[in-house]
Amino acid sequence: MAFFRYLFKQSEKGLGKAFLFSILLGFIFALSVLVISVRYISKLDDSTIKKFADETGCKIVNYQLTCNEDYYEYDDLIIDLNWDDDSLFNDKVILTRDKILFENRINSYEQLLTGLNHGPYMNANDFIDFLGAFSALIYIFGFLGAFVGATIFFIIANTILALVMMGIINASMKTYFKYDQMFKLTIYTSLPYVTFNALTRMIFHESLFGYITSFVPLGGFLRVIIDYTIIFALTYLAVKVGFNKTEENNTELQLDVE
């Protein structure tokens, strides 16, 4: 309970610290993405890539992926040249005819190859040379992209979440929290849940509830509901513990003065 009391106490302080926590949330998420990226790329030695190219015949021609067959599935990789729904990808790397999907990011082959000053063609040997020369850059830019994107997402998401939380908590608990305090509080109460998700993602390649909801229809929507229900519960608990304690201290102070 002391932890939730601490979180509530932080919400009574300035906005600057809350934005620093938003940056921390983005860093934690990006770190989990980096760990997964390192794990994937470390598996790609020269012999593995050449064996894969021989089995599938895959190569990029004029920014389009071509293979012997339209569909292949490996442990952490799916090749689907007929893929047409970008909302359904999960923790696996998915190669479609014209783009790659990984960790909730979508990049076309044209974007990737143009960004690397590479032409519209890439075969297995080109890919091996690319990994050797640019693996460090992949980690750096992948981390920075995830970090900036996640930080912006957490700020925007908590901007909306705080408004909802303020209405629900003020109505249900008969409190009078202002928007700025609830905004700060939702950022602080997001920290333990984001950290938990990052740890499970690094260990199991997917957050716990992301893995569970991947087996049901509309799993992405259900996951959002679960995520914000948990954050609401954490916020409610922080208010219940921290606010009541504050009221109790104020009462004791008034009695001492009298």
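Note that the coordinates shown come from a computational prediction; the quantities given were computed from them, not determined experimentally.
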Any side-chain heavy-atom pair of Leu185 and Phe177 under 4.5 Å
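In short, these two side chains do not touch, never coming nearer than 4.5 Å.
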Any sub-3.5 Å donor-acceptor pair from Gln111's side-chain atoms to Ser108's backbone N or O?
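Here the side-chain-to-backbone pair exists.
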For residues 62-69, which side-chain donor-acceptor pairs fall under 3.5 Å, sequence neighbours excluded?
from  : atom 1 : to    : atom 2 : distance (Å)
Thr66 : OG1    : Lys59 : O      : 3.4
Asn68 : ND2    : Thr56 : O      : 3.3

What side-chain donor-acceptor pairs closer than 3.5 Å can you find for residues 16-31, not counting sequence neighbours?
from  : atom 1 : to    : atom 2 : distance (Å)
Lys17 : NZ     : Gln10 : OE1    : 2.5
Ser22 : OG     : Ala18 : O      : 3.3

Kindly write out the residues that satisfy side-chain hydrogen bond (donor to acceptor under 3.5 Å, both in side chains) with [X], not counting sequence neighbours, or none if the list is empty.
X      : answer
Ser190 : none
Tyr109 : none
Asn123 : none

Would you compute the distance between atom [atom1] of [X] and atom [atom2] of [Y] and round it to the nearest 0.5 angstrom?
X      : Y      : atom1 : atom2 : result
Glu110 : Leu112 : CD    : CG    : 10.5 Å
Thr235 : Met165 : OG1   : CE    : 4.0 Å
Ile230 : Thr189 : CD1   : OG1   : 12.0 Å
Phe154 : Leu161 : CZ    : CG    : 11.5 Å
Ile187 : Leu7   : CD1   : CG    : 12.0 Å
Ile226 : Leu222 : CD1   : CG    : 4.0 Å

According to the side-chain hydrogen bond (donor to acceptor under 3.5 Å, both in side chains) rule, which pairs have a member within residues 142-156, sequence neighbours left out?
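Qualifying pairs, neighbours excluded: none.
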Which pairs, with at least one residue in residues 162-172 and sequence neighbours excluded, count as a side-chain hydrogen bond (donor to acceptor under 3.5 Å, both in side chains)?
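Residue pairs passing side-chain hydrogen bond (donor to acceptor under 3.5 Å, both in side chains), neighbours aside: Asn170-Thr175.
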Under the side chain to side chain contact (heavy atoms under 4.5 Å, CB included) test, residues paired with [X] that sit two or more places apart:
X      : value
Leu163 : Met166, Tyr179
Val164 : Ile168
Asp80  : Tyr71, Ile78, Asn82, Trp83
Ile203 : none

Worked check of side chain to side chain contact (heavy atoms under 4.5 Å, CB included) between Met173 and Lys240
CA-CA 8 Å; Met173 299 185 69; Lys240 189 172 182 62; 4.0 Å; yes
Which pair of non-hydrogen atoms, one from [X] and one from [Y], has the smallest distance, and what is that distance?
X      : Y      : answer
Leu113 : Gly119 : CD1-O, 3.5 Å
Gln181 : Ser11  : NE2-OG, 3.2 Å
Ser32  : Met202 : CA-CG, 3.5 Å
Leu234 : Pro192 : CD1-CG, 4.1 Å
Phe183 : Leu15  : CD2-CD2, 3.8 Å
Tyr228 : Ala157 : OH-CB, 3.3 Å

[X], [Y]: one ILVMFWY side-chain cluster at the under-4.5 Å cut-off?
X      : Y      : result
Tyr72  : Val61  : no
Tyr121 : Leu81  : no
Tyr139 : Val35  : no
Leu199 : Leu191 : no

With sequence neighbours left out, write down each residue that passes ring pair (Phe, Tyr, Trp, His ring centres under 6.0 Å) with Phe52, or none if nothing qualifies.
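In terms of ring pair (Phe, Tyr, Trp, His ring centres under 6.0 Å), with neighbours along the sequence ignored, Phe52 is linked to Tyr74.
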Passes side chain to side chain contact (heavy atoms under 4.5 Å, CB included), Val241 versus Phe8? Steps please.
CA-CA 8 Å; Val241 173; Phe8 182 83; over 6 Å; no
